[in-house]
Novice: 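Here it is, the structure in full.
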Amino acid sequence: MATRKKTSAKPASTAGRPYSGLVVDGLKQSASRAMLRAVGYTDKDFTKPSIGVASTWSNLTPCNMHIDKLAAAAAAGVDASGGKSTTFGTITVSDGISMGSPGMRFSLVSREVIADSIETVAGAQGFDGVVAIGGCDKNIPGCMMALARLNRPAVFVYGGTIKPGANHTDVISVFEAVGAFANGSISAKQLKQIEKTAIPGPGSCGGMYTANSMASAIEALGMSLPNSSAQEAVSRNKLKDCREAGKAVVKLVKADIKPSDILSRKAFENAITVVIALGGSTNAVLHLLAIAHDAGIKLELDDFTRIGLKVPVLADVRPSGKYLMSELIRIGGIQPLMKMLLHAGLLHGDCLTVTGKTLAENLKRVKPYPKSQDIIRSLKNPIKPESHLVVMYGNLATEGSVAKITGKEGLQFSGTARVFDSEEKSLQAILDGVVVAGDVVVIRYEGPKGGPGMREMLSPTSAIAGKGLADKVALITDGRFSGGSRGFVVGHIAPEAAVGGTIALVRDGDRITIDAVARTIDLGVDTKELERRRKSWKAPEPYATRGVLAKYARSVSSASKGAVTDRDSTT
């Protein structure tokens with residue numbers, strides 16, 4: 001009787017390798033190891049923690065064109081610390097390029113595709129930990145949603161901000177220059193010059209727009225290393241951040257510290273607090289709701305109001321302020337601001353972070369801002385004593401809406417409705433001078449389902465600002481806004497028009513009143529008339545009947561719930 005030969009393919013210890021061990025250990029996984037040998041694995045690599053490096057690299061947008069180099073640095077950090085790195089890619093789309101076009105419908109959809117793809121690869125490949133590197137508006141929250149779902153040791157790395165363009169310009173300068181040219185304020189030559197010089201190279205849009213807002217929020221959540229949110233894309237500090245993130249995730253695997261240990265309700269309150277203090281984007285509301293959903297943390301619109309009542313706006317940054325992110329970086333980034341907020345009792349210092357230390361421990365040695373700076377105000381001299389992110393309810397938004405009111409555009413607005421059933425129609429009317437002072441521009445059928453995809457109204461709001469009407473015209477929509485939008489604007493109106501929300505019943509000439517103090521948004525039409533209009537209303541034909549937009553429209557939740565696509569009827 002022949003004896004069975006001993007095999008050298010014995011299961012290795014899975015300590016620190018709870019997922020990869022299932023993929024590469026033992027006789028039955030010989031084929032798995034053979035496949036991995038072809039991509040560079042050695043015998044020793046099969047005994048190391050397996051770390052996935054999720055790269056959102058693409059040369060279709062400045063935000064992500066450098067992330068391949070950052071991913072390589074993160075992978076090097078993993079390998080230097082006793083892990084085995086494997087780099088994989090996911091998609092990105094450029095909001096700045098698709099803005100104002102039908103392509104913008106795919107922007108918010110891409111957040112779900114990114115989250116799904118990172119979750120899919122990491123789950124299938126059996127990574128023990130993940131480093132995710134995001135640079136643009138949707139891949140930042142998409143990365144975080146995936147990390148929350150996977151609940152494996154992980155670090156998020158921000159790709160970094162872009163350098164300022166010529167004459168202190170940025171991408172919003174270009175959008176607003178379009179309105180200025182239409183208004184006759186600048187020449188075609190001046191417009192072309194701004195177009196050519198406003199975006200000088202790699203990095204995310206330079207103000208406190210969505211990318212910088214979300215990167216700051218994630219640092220406050222504790223899911224990125226200190227200062228990751230406040231580094232220029234092309235800098236030694238950013239490369240070092242990536243290497244250190246690679247090292248950190250190996251330590252997290254060995255310590256078995258997972259996102260669920262970090263993403264507590266207190267951590268989300270910290271993120272909201274920092275976004276408010278920075279004057280951040282309304283998109284942060286949508287994305288934090290979505291990340292919280294995937295982390296299993298109950299977070300609601302009203303939490304932004306509750307926290308906003310005690311947190312002031314302190315940062316004089318664009319779009320409503322003067323400075324760019326690069327200038328905030330030069331005075332210390334957001335760490336001194338967080339220390340200021342912590343000492344004022346506005347942050348929870350006991351929250352764990354990816355350093356393995358608490359937020360308070362991370363901030364212990366942070367130095368205060370230079371006394372000569374005027375980018376970040378003191379708590380005694382705020383730009384606005386409470387939040388600029390104003391959640392409003394009323395007969396126009398029974399499920400809520402989100403406004404960005406800094407106070408510079410006023411706190412109340414009452415005007416007559418000028419209604420458009422798409423962004424394109426509204427933009428043309430604004431550029432043609434149809435929209436005048438005293439109007440409330442209503443842009444509907446742009447919600448998560450109706451768009452579908454909840455397009456950003458940056459082109460209309462920038463055209464309004466460029467024509468000098470930012471404080472004379474209000475704009476409301478069931479779509480959303482770029483972090484670069486400014487003016488008296490209210491988005492995320494829910495229920496949206498496509499499901500029969502009141503915004504679908506508004507007619508030209510109706511009176512609309514918006515009150516940021518009372519937090520109300522109301523249509524001046526009596527209940528009986530609204531019921532008459534409702535009986536004659538018909539849902540529009542869907543924009544898409546097949547493909548990703550159709551699937552998204554069928555599954556997406558209300559904006560008031562984060563516009564997620566995996567929410568069931570009980571959540």
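As the structure is a prediction and not an experimental result, all values here were calculated from the model.
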Novice: His348 side chain to Leu359 main-chain N or O, any donor-acceptor pair under 3.5 Å?
Specialist: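 Checked: no pair found.
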Novice: Hey, is the main chain of Cys205 close enough, under 3.5 Å, to the side chain of Asn212 for a donor-acceptor pair?
Specialist: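 Yes.
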Novice: Side-chain contact test, heavy atoms from C-beta onward, threshold under 4.5 Å: evaluate it for Val157 versus Val131 and give yes or no.
Specialist: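 Val157 vs Val131: side chains touch.
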Novice: Report yes or no: does Gln29 contribute a side-chain atom to a donor-acceptor pair with the main-chain N or O of Val23 at less than 3.5 Å?
Specialist: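 Judged by distance alone, yes, a pair lies under 3.5 Å.
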Novice: Rounded to the nearest 0.5 Å, what's the gap from CE on Met104 to OG on Ser98? Could you check?
Specialist: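 These two atoms lie 5.0 Å from each other.
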Novice: Determine whether a donor-acceptor pair (N or O, by modelled atom type, separation under 3.5 Å) exists between the side chain of Asp137 and the backbone of Thr210.
Specialist: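 Checking the backbone N and O of Thr210 against the side chain of Asp137, no donor-acceptor pair under 3.5 Å is found.
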Novice: Are the side chains of Asn283 and Met214 in contact, using a 4.5 Å heavy-atom criterion?
Specialist: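 They are not in side-chain contact.
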Novice: Given side chains that start at C-beta, do those of Leu549 and Phe106 come closer than 4.5 Å, heavy atoms only?
Specialist: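 The answer is yes; the side chains approach within 4.5 Å.
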Novice: Can you tell me how far apart CG (Leu347) and CG (Leu341) are? Round to the nearest 0.5 Å.
Specialist: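 Interatomic distance, Leu347 CG to Leu341 CG, rounded to 0.5 Å: 5.0 Å.
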Novice: Would you mind listing every side chain to side chain donor-acceptor pair (under 3.5 Å) that reaches into residues 295-305, with sequence neighbours excluded?
Specialist: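 Those involving residues 295-305 are Arg265-Asp303, Asp302-Tyr393, Asp303-Arg306.
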Novice: Does this structure show an ion pair linking Arg455 with Asp95, if we count only N-O contacts that are shorter than 4.0 Å?
Specialist: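 Not counted as a salt bridge, because no side-chain N and carboxylate O are separated by less than 4.0 Å.
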Novice: Indicate the atoms forming the closest heavy-atom contact of Thr169 with Ala198, along with that distance.
Specialist: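 Taking every non-hydrogen atom into account, OG1-CA, 3.4 Å.
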Novice: Could you tell me which non-hydrogen atom of Ala211 sits nearest to which non-hydrogen atom of Ile140, and how far apart they are?
Specialist: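 Heavy-atom minimum between the residues: O-CD1, 3.7 Å.
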Novice: Can you name the closest pair of heavy atoms from Thr353 and Ile262 and give their distance?
Specialist: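 Closest approach of Thr353 to Ile262, heavy atoms only: C-CD1, 3.8 Å.
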Novice: My understanding is that only residues two or more places apart in sequence, or in another chain, count here; which of them pass salt bridge (charged side-chain N to carboxylate O under 4.0 Å, His left out) with Lys266?
Specialist: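 Partners of Lys266 under the salt bridge (charged side-chain N to carboxylate O under 4.0 Å, His left out) test: Asp350.
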Novice: When you compare the side chain of Asp25 with that of Arg17, does any pair of heavy atoms fall below 4.5 Å?
Specialist: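 Yes, side chains in contact.
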Novice: Go through the structure and list residues passing side chain to side chain contact (heavy atoms under 4.5 Å, CB included) with Ser213, not counting sequence neighbours.
Specialist: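 Counting only residues at least two positions away or on another chain, Ser213 forms a side chain to side chain contact (heavy atoms under 4.5 Å, CB included) with Met208, Ser281.
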Novice: Please determine if Asp294 and Arg149 form a salt bridge, counting it only when a charged side-chain N lies under 4.0 Å from a carboxylate O.
Specialist: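 Salt bridge between Asp294 and Arg149, a charged N being under 4.0 Å from a carboxylate O: yes.
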Novice: Who are the salt bridge (charged side-chain N to carboxylate O under 4.0 Å, His left out) partners of Lys384, not counting sequence neighbours?
Specialist: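 With neighbours one apart ignored, the set is empty.
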Novice: Ignoring hydrogens and geometry, is there a side-chain-to-backbone donor-acceptor pair from Lys48 to Ser85 under 3.5 Å?
Specialist: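 Absent.
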Novice: Would you compute the distance between atom CG of Leu278 and atom CG of Asp316 and round it to the nearest 0.5 angstrom?
Specialist: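 These two atoms lie 12.0 Å from each other.
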Novice: According to ring-ring contact (aromatic ring centres under 6.0 Å, His included), who are the partners of Phe127, at least two apart in sequence or on a separate chain?
Specialist: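 Here the qualifying residues are Phe88.
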Novice: Got a sec, which pairs hit side chain to side chain donor-acceptor pair (under 3.5 Å) with one end in residues 367-376, sequence neighbours left out?
Specialist: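 Checked against side chain to side chain donor-acceptor pair (under 3.5 Å) - neighbours excluded - the pairs reaching residues 367-376 are Tyr323-Asp374.
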Novice: Is there a donor-acceptor pair under 3.5 Å between the side chain of Ser32 and the backbone N or O of Val24?
Specialist: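 Flag not set: sc Ser32 to bb Val24 has no pair under 3.5 Å.
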Novice: Please identify each residue that fulfils side chain to side chain donor-acceptor pair (under 3.5 Å) with His287, with sequence neighbours left out.
Specialist: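 Here the qualifying residues are Arg111.
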Novice: Taking the side chain as C-beta and beyond, is there a heavy-atom pair between Met145 and Glu119 under 4.5 Å?
Specialist: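 With C-beta onward as the side chain, the pair stays apart.
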Novice: Listed by chain and number, what are the ring-ring contact (aromatic ring centres under 6.0 Å, His included) partners of Tyr41, not counting sequence neighbours?
Specialist: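 Result, ring-ring contact (aromatic ring centres under 6.0 Å, His included) vs Tyr41: Phe46.
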Novice: Would Leu70 and Lys238 satisfy side chain to side chain contact (heavy atoms under 4.5 Å, CB included), going step by step from the backbone distance to the final call?
Specialist: CA-CA 8 Å; Leu70 302 188; Lys238 181 46 65 182; 3.8 Å; yes
Novice: Please report the C-alpha distance between Phe304 and Leu289 in whole Å, then the side-chain angles of each, then the deciding distance to 0.1 Å, and finally whether the side chain to side chain contact (heavy atoms under 4.5 Å, CB included) criterion is met.
Specialist: CA-CA 10 Å; Phe304 289 83; Leu289 288 171; 4.2 Å; yes
Novice: Within the structure provided, determine whether Ser173 and Arg318 are in side-chain contact (heavy-atom separation under 4.5 Å).
Specialist: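 In contact.
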Novice: Using modelled atom types only, decide if a donor and an acceptor are shared between the side chain of Glu327 and the backbone of Leu324 within a distance under 3.5 Å.
Specialist: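 Checked: pair present.
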Novice: State, yes or no, whether a side-chain contact exists between Phe481 and Leu458 at a heavy-atom distance under 4.5 Å.
Specialist: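 Phe481 does not reach Leu458 side chain to side chain.
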Novice: Output the distance between atom CG (Leu150) and atom OG (Ser260), rounded to the nearest 0.5 Å.
Specialist: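 Going from CG on Leu150 over to OG on Ser260, the span is 11.5 Å.
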Novice: Look at Arg33 together with Asp45 and state whether they make a salt bridge at an N to O cut-off of under 4.0 Å.
Specialist: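 The answer is no: the pair does not qualify as a salt bridge.
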Novice: Among residues at least two apart in sequence or on other chains, which ones pass salt bridge (charged side-chain N to carboxylate O under 4.0 Å, His left out) with Arg480?
Specialist: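 Listed in chain order: Glu456.
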Novice: Between Asn59 (side chain only) and Met65 (backbone N and O only), is there a donor and an acceptor less than 3.5 Å apart?
Specialist: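 Answer holds: no.
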Novice: Pair Asn227, Asn237 - check side chain to side chain contact (heavy atoms under 4.5 Å, CB included), show working.
Specialist: CA-CA 9 Å; Asn227 275 327; Asn237 285 338; over 6 Å; no
Novice: Hey, what do you get for OG (Ser224) to CG (Asp241), rounding to the nearest 0.5 Å?
Specialist: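 With rounding to 0.5 Å, OG (Ser224) is 7.5 Å from CG (Asp241).
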Novice: So how far is it from Ile133 CD1 to Cys143 SG, rounded to the nearest 0.5 Å?
Specialist: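 Between atom CD1 of Ile133 and atom SG of Cys143 there are 8.5 Å.
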Novice: At their closest point, which heavy atom of Pro448 faces which heavy atom of Ala563, and how far apart are they?
Specialist: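 Here Pro448 and Ala563 meet closest at CG-CB, 4.3 Å.
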Novice: Listed by chain and number, what are the side chain to side chain contact (heavy atoms under 4.5 Å, CB included) partners of Pro153, not counting sequence neighbours?
Specialist: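 Testing Pro153 for side chain to side chain contact (heavy atoms under 4.5 Å, CB included), a comparison that skips the adjacent residues, returns Leu252, Val253, Lys258.
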Novice: Under the criterion side chain to side chain donor-acceptor pair (under 3.5 Å), I'd like the reasoning laid out for Asn64 against Ser58: C-alpha separation, chi angles, the key distance, then a yes or no.
Specialist: CA-CA 6 Å; Asn64 294 66; Ser58 172; over 6 Å; no
Novice: So, Arg377 side chain and Pro312 main chain: donor-acceptor pair closer than 3.5 Å or not?
Specialist: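 No, the answer is negative, given that no donor and acceptor are paired below the 3.5 Å cut-off.
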Novice: Apply side chain to side chain contact (heavy atoms under 4.5 Å, CB included) to residues Val130 and Val249 and explain how you reach the verdict.
Specialist: CA-CA 7 Å; Val130 181; Val249 77; 5.9 Å; no
Novice: Can you list every ring pair (Phe, Tyr, Trp, His ring centres under 6.0 Å) pair that touches residues 213-257, not counting sequence neighbours?
Specialist: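 Qualifying pairs: none.
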Novice: Are Met340 and Ile376 side-chain neighbours, meaning at least one heavy-atom pair lies under 4.5 Å?
Specialist: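 Counting from C-beta outward, Met340 and Ile376 do come under 4.5 Å.
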Novice: To check you understand the geometry: which heavy-atom pair defines the closest contact between Leu379 and Ala344, and what is its length?
Specialist: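 Closest pair (atom of Leu379, atom of Ala344, distance): CD1-CB, 3.4 Å.
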Novice: Output yes when a side-chain donor or acceptor of Asn270 lies under 3.5 Å from a complementary backbone atom of Ala267, and no otherwise.
Specialist: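 Judged by distance alone, no pair lies under 3.5 Å.
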Novice: How would you list, by chain and number, every residue that makes a salt bridge (charged side-chain N to carboxylate O under 4.0 Å, His left out) with Glu361, sequence neighbours excluded?
Specialist: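 For Glu361 there are no salt bridge (charged side-chain N to carboxylate O under 4.0 Å, His left out) partners, ignoring immediate neighbours.
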Novice: Check Gly483 against Lys404 and note the closest heavy-atom contact, atom names and distance.
Specialist: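 In terms of heavy atoms, the two residues are closest at O-NZ, 3.0 Å.
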